Amino acid sequence: MGAAEEKAIFHLVLIGTMGFLLTVIFIIMLYTRYRNTLLKERLKTEELKHHYQLDLLRSNIQTQERERMRFSRDLHDEVGAVLSMLKMNLIQLNKSGCYSDEQRNYLVSLEELTIAALNSSRRISHELIPPALETFGLIHVMEGQASILQQGGIDMTLHYEAFERVPALVELGIYRILMELINNTIKHANAKSIAITFQLINSALHIRYCDDGRGFQTTEPAKGLGIKNIESRVAVLNGTVSFTTQHTTGMAVTIILPAKEMQNSHHTENIPRV
Amino acid sequence: MIRIGLIEDQLLFRKGMKAIIHEWTGMKVTLEASTGVEAVTLLKEAIEKPDVILLDLGLPTDKEPALNGIDLTIHIRSTYPEIKIIILSVHQHEDYISHLIEQGAHGYLVKDTDPEEVREAIHAVTIKGFYLNERTMYAIQNGLSKKKKSKISLNDTTYLTSREKEILDLVCRQLTAEEIAEKLYISVKTVNGHRNNLLQKTGVRNTAGLVVFALKNNLVDVDRYTL
C-alpha cells in the first residue's frame, strides 16, 4: 500500500465521520426544535386557556353587575314611583272625609303597608348597588361609608389626590373589593382604624388598604372565599393584588390597576334602560 | 293661576300627580314631559312658561343626548332663571338633596311625601322663592361637613353686620320680607336693602342661596327651625 492510498482512506474515514457527526447534530437540532415548538404550542394553549378563563370570569362578573344595576334602578325608580303615588292617593282619600272611622283605620293601615313596601324596595335597591356610586362616584360613596363606620367605632380615613371618575364597571369593581376588605376587617380583625389611599402613579391606580387589627396568619387554611373573590375581581380589572400581614399589627393590601383600565369616560358604559 | 310643569318619566306617577294638582284651586299643569330632551324642547316652544316645575331625577338616559334631572336643573336655572324648580324624587339620600340645592333647585321633596306638602312647597317657591323642609336643611348642613374634610375653604362671614345676620336668620325661618319688616319694626324697603347687601356680600344669586350659605357657614342651627 502506498502512502497515497493510505492518505485517501484516511480522508474517506474523516469525511465519513464528519458526515455522520453532522447528520447526528442535524437530527439533534431537528429534535430540539420540534420539542421547543411542542412546548411553545402547549404554553400557548395554556395561555389561551388562562385568557379564556379570565374572559369568562370577566363577562360573568360584568353581566352580573349590569343586571344588578338595571334591577336596582328599575326597582328604585319604577316600583318606587308607583308605590309613592299609591301612598299619596291614600293620604288624599283619607283626607276626603267620605269614610267612617273604621274605614279610615283601614286606609291608615294601607298607608303603613305602602310605606313598608317603599322602604323595602329602597333597601333592596341600595344593597344591590348604592345609587350614589353612579351619580357621585367612588370617593363620595366611600366617604359616606366612613361616616357609617364611625358610628360603629371604626375610624376610616381616605387619602386621595387628583383621583377622578373612572369607568362605571371599574368603579363598581373597586367598590366591591373595598367593601369585601372592610367586611373582613369588621368581622375578623377587631381593628380600630382603616386607612385607604388612592394614588395615580404613571396613570396607573394604586390603592392601598390598611387596618390596625390582628392581621391574619399565613398558616391559616390558605385562602378564604373573601380573598379569592378579591383576587378574581382584581384579575378581571387586569390588575395585581398583594396581601401583607403581620400578626398583631394589622394587614395591608396593595392593588394596582393598569392605566388602560382608567380610560374611557364613565358615561360610555351607561346601562340602557329597558 | 300658578302654571306647573311636570317632568317625570313614570306615566302612572305623572298622571296621578296631575290629577291631585288639578284638585287644588289656583294651580294648573301646563307642561308635561317624560324625558330631559322633550322637556327642553317643550320649554322652548311654550309661549307661557311654567312658574314652577316638579322635576324627577331619574329620567331615562339611554338615548343621546341624555339629560338626567341634575343636567336639566342646571339647564333650566341658566336658561329660565324665573322658573322655580322643585325636585320630586324617589332618592331620599342627603347627597342628592344637598347636591341639587347647590345646583340651584328651589326645593326638594321625596316622592311619597304628603300631597299637602307638595301644595305648600309650590306656594312657598312662588311667594318666597324657595321651600326647604327640615330634611333638606339637614342635608345641606351634612353635605358641607363632608366637604370640610376635603379642605374646601369657607367664605369669611365676620364681615356681616349683626343686623344682616339677624335678617339672614329670619330668612332661614322662611319669613317673607313683609313678615321680617313687621317683626323688626322696620320698612320692607330697608329689609330688601339688607337682603341685597347680603346677596352681594355672599355672592349667591337668590334667597335659597342665602339659606344654603347660612347653613354651610353654621350661622344658623337647623334644630331651631323645625317647620
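So that the names make sense, note that chain A is the first sequence line, chain B the second, and so on, each numbered from 1. What you see is a predicted model; the values in this text were computed from it and never measured.
Contact annotation for B/H91: both backbone and side-chain heavy atoms come within less than 4.5 Å of a heavy atom of chain A. With a threshold of 4.5 angstrom between heavy atoms, B/I70 approaches chain A through side-chain atoms but not through N, CA, C or O. Of the two parts of B/T113, the backbone and the side chain both hold a non-hydrogen atom closer than 4.5 Å to a non-hydrogen atom of chain A.
Proximity of a side-chain donor or acceptor of B/R77 to a complementary backbone N or O of B/G104 within less than 3.5 Å is detected.
The six-membered or imidazole ring of A/F136 lies near that of B/Y96, with a centre-to-centre distance under 6.0 Å.
Counting heavy-atom pairs under 4.5 Å between each of B/H99, B/E23, B/E116 and chain A puts B/H99 at the top. For the set B/M17, B/Q92, B/E8, the count of heavy-atom pairs under 4.5 angstrom toward chain A peaks at B/Q92.
When side chains are defined from C-beta on, B/I4 does not count as touching B/P50, because their heavy atoms never get closer than 4.5 Å.
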The test is salt bridge (Lys or Arg N to Asp or Glu O under 4.0 Å); show your working for B/K49 and B/E82 and say whether it passes.
CA-CA 9 Å; B/K49 315 281 182 217; B/E82 67 286 354; over 6 Å; no

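A side-chain donor-acceptor contact under 3.5 Å links A/D212 and A/S193.
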